[in-house]
Novice: 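What follows is a single structure, and I will ask about it in a moment.
Each ligand, and each atom within it, is numbered from 1 in the order the structure gives.
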Amino acid sequence: MNFLDSSIDFLPRTSPITLRKLHSLEIKTYWDLLNYFPFRYEDYSLISKINALQEGETCTVIGEIVEAKYEFTKRGLKIQKVRLSDGTGLIDLAWYNQPYLLRLFKPGIKLAVSGAVKSFGNKLIMDPQEYEILTGEQMIHTGRLVPIYPEKKGLSSKTLREKIHYTLNQLILNKELVADPLPEEIIKFNDLLSENESYQNIHFPKSRSLEAKARGRLAFSELFTIQLASNIIRREWNREKVANKIILDAAKDKKILSLVKSLPFELTDSQKKVISEILKDLQSSQPMNRFLQGDVGSGKTVVAAIACYLSTLNGYQSLFMAPTEILASQHYKTINELFKYTLRVSLVTGSLKSDKEALKADIVIGTQALIQKKISFEKVGLVIVDEQHRFGVVQRTLLKKKGFNPHLLTMTATPIPRTVALTIYGELDMSVIDEMPKGRLPVKTYLVPLIKREDGYRWISEQIKLKKSQVFIVCPFIEESEVETMKSVKAATVEFDRLRNRVFQPYRLGLLHGKMRSKEKDFVMNQFKNGELDILVSTPVVEVGIDIPNATIMLIEGSERFGLAQLHQLRGRVGRSDKQSYCFLFSEIKDKAVEDRLTFFSKNQSGVELAEYDLKRRGPGEIFGTRQHGYVDLKIASLSDYALISKTKKAVLYFTKHFANFSKFKVLKRRAEEYNITQISRD
Ligand code: ADP
Ligand code: MG
C-alpha cells in the first residue's frame, strides 16, 4: 500500500488523544492530513541577530538558553522567563502561565523563537509567539512562513503543523507524488505547479508567490476531480438499462391530462416545463437520474405526483421518500387528495415488515428506510427522494444493490448557485422550477434591532389576536455536533419558557426540537397544523418542507448565525397562501457586514440570488465553512471562482476526449471514484 493511503495511527510521537481528535476531523490517512490546509501564514522568515533587532519588527532569533526561571507578576501571575544569547547579545523572553515550558527550557539548549520585538524600559524584548527547540536542521514553527491551521476539536495549529511536516518529509523519502496525476498537456496548458511542489508549498511555502501558485494548482485539481467524477457517473449511467420500461401512449396521456385538469389550481409554466422533461426521461430505457430544484412552495410535490401517476398507469409501483415521518405523512395526505383517493397510496412508517399489504400499493410513501431496510418491492418503476440536496448517488447504489434499477427523481428546495450547478451537476440532468404559483405575495421581511424587539412582540401579539395568525419562532443556530445539539435544545427550552411566561402569556405555545421522539414531534406539529397552537417555538432543525398555509409570521432569533440560503428556507415556511406573510430577523449583533447581509436578504426573495450572495462573500479564511452550503465539501477551491470552474471544465473535456480509458491515469481515476462516494453523496 502507498504510504499516503496508510493509516495515521502509527504517527510517531502522537498520543491516542491527538489521534482521536484527528479522526474526528475525518483525518484518517496521511493523504487526509496533507489535504488539511492552512488558512493563513505567519511570516517569521526574517532571521535576525539579537544585536540587529529593531523595535516593531516580527522576526525569528536563534540562540542558546542562558537562564530560565519563574517569576511572579504583581497580580500573582506566574511568568516563565528565558534569557537567550546568540553571541551578539542577550534577549529576554516571557511566557505567561505555561509552567511546563520550564521542563523543556534548560540552559544550554538551542532555541528558535519568533515574535514581535518591543521595547521594555530601555531595552528590547520579544513577545514570543512560536518557539521550537532546535535539534535537526529543519525549522518547522519558526524562521519561515509558518502555516496556521483551523483549530477544531481542540487540535492546535502547532500539532497539525508538526504532523503535516512529518508527512511531507516521508513523502520525499517514499518518492510518492513525484509523478503528477494530471497529464502533462493539461499541466502545461494551464501553467500549473506540479502536485508535489504544491503540497510542499501550500503547507510550508518557500515564498508568497509559490504559495499562491500551490493554492491555484490544488484548487484546480479539486474542481477537476469533482467534474471528472461527475463525468464518470454520467458515463456509467448512460450504459444502464431500466428494469421496468415505462411508456406514454395516447390513452395514458389523456389520463394524465385529466388529472391535471382536476387539480384545484392551474400549473405554472415552470411546472409544466419540468413535468414534460420528466415524462420524457421516464420513457427512456436509460434510468432517469434527474435533480429537481425549486424554491420552497414552488410546487414540487404535484410534479412528483404526476410522475408517479405515469408509473402507476404502466402497472409499476412508485416509492416516495421524505426525510422525516412528518413530511411523509404530509405527502401521504396531499397525494391522496390529489388523486381523490382513486389510487392505492400507502404510508409506511415504523415497522416495515409487518405491513405486507401497504408494500403492494401503487405509491408507497415513507422515509429513506424504504430502501434501506431488507424489504422488497415487486415492480418499482420510479423512486422519488424529496428534500435531498445531495445528488442521489447513494440511493442509486442502494437501489442497485437491492436488484432494481428504476428511474430516480431527487428533489430539493436548497437553492443552487449557477457555479455549483455547473461544477457538480454539470454532467447531470437538472430541472428547475423558477416561478411561484400565482397569487403568492412576497414575504415582507424586516430586520429588527434589539431596541425594537418589544415592539415586534407586541405587533405579533396583535396579529394573533386580530387575525388569528400563526407564528413560527426559530431559536438561534448553534453549531452541529452532539454536544451542541443538546445546547441548542436547552436554549430552545429556556426561550420557550420565557416566551410562554413573559411575552406571549395569553397565547398557546408549542415547542419542537431535534431531541424529541418522532411521535412527540408529530403530535406538536399536528396541533400547530390544526390551529390548536398559536406559536410554534423550535430549534433551527424545523422540518423542511412542512406546509402550513395559515402560518404567516416567521420570527428568527440570532438570524446573523444563519446562511442566507438557510434563512430563505425558514422564510419559506410562511407565505404559502394568498395572505400577506411576514418574516422578522432578530439580531443582537451591531455590525455593518451583518446588517448589509440581512438587509440584502430582506429585499430579495430569490433563493438562487441569495445563495450566490453568500458564496461570493466568503473570504479565504472561511473556506472551511463551505460545509454550511451543503452542496459539497470543498477543501480549497471556491465555488464562486467562475473562471477556474470553466477552466477545469475545459480540462475535463480535453481529458475525456484523449484519455478516456484512464490507462495512464490510475490515480486520477481512483480519486474521482472515491470522490463520488465520500463527497457528492455524503449525508
Ligand atoms: P414545495 O415545492 O416546497 O414542495 P409544495 O409542493 O408543498 O411545495 O407546494 C406548496 C403549496 O402550493 C401546496 O399547498 C400546493 O398544493 C400548492 N401549489 C402547488 N402548485 C400550485 C400552483 N400551480 N398554483 C397554486 N398552488 C399550487
Ligand atoms: Mg416539498
Novice: To the nearest 0.5 Å, how far apart are OG in S538 and CE in M525?
Specialist: 8.5 Å

Novice: Identify, by atom number and element, the atoms of ligand 1 in contact range of T301, meaning under 4.0 Å from any of its heavy atoms.
Specialist: 4 (O), 5 (P), 6 (O), 7 (O)

Novice: Does any part of the side chain of V474, heavy atoms only, come nearer than 4.5 Å to the side chain of M554, both counted from C-beta?
Specialist: yes

Novice: Does any N/O atom on G299 come nearer than 3.5 Å to any N/O atom on ligand 1?
Specialist: yes

Novice: Any nitrogen or oxygen of F265 lying under 3.5 Å from a nitrogen or oxygen in ligand 1? Just yes or no.
Specialist: no

Novice: Between K252 (side chain only) and N314 (backbone N and O only), is there a donor and an acceptor less than 3.5 Å apart?
Specialist: no

Novice: Are a donor atom and an acceptor atom from the side chains of N604 and H568 found within less than 3.5 Å of each other?
Specialist: no

Novice: Tell me, do N405 and P287 make a side-chain contact under 4.5 Å, heavy atoms counted?
Specialist: yes

Novice: Looking only at distances, please establish whether an N/O atom of ligand 1 is found under 3.5 Å from an N/O atom of Q271.
Specialist: yes

Novice: For R576, counting its heavy atoms only, list the atoms of ligand 1 lying under 4.0 Å from any of them.
Specialist: 3 (O), 7 (O), 10 (C)

Novice: Which atoms of ligand 1 are found less than 4.0 Å from any heavy atom of E266?
Specialist: 22 (C), 23 (N), 24 (N)

Novice: Find the distance between CZ (R573) and SG (C583) and round it off to the nearest 0.5 Å.
Specialist: 11.5 Å

Novice: When you measure from the heavy atoms of S298 to every atom of ligand 1, does any distance fall below 4.0 Å?
Specialist: yes

Novice: So, 4.0 Å and heavy atoms of G294: is ligand 1 close enough to count as a contact?
Specialist: no

Novice: Just which atoms of ligand 1 are under 4.0 Å from any heavy atom in T268?
Specialist: 23 (N)

Novice: Could you tell me whether ligand 1 has any atom less than 4.0 Å away from a heavy atom of R440?
Specialist: yes

Novice: Between K579 and N550, is there a side-chain donor-acceptor contact under 3.5 Å, judged purely by atom types and distance?
Specialist: yes

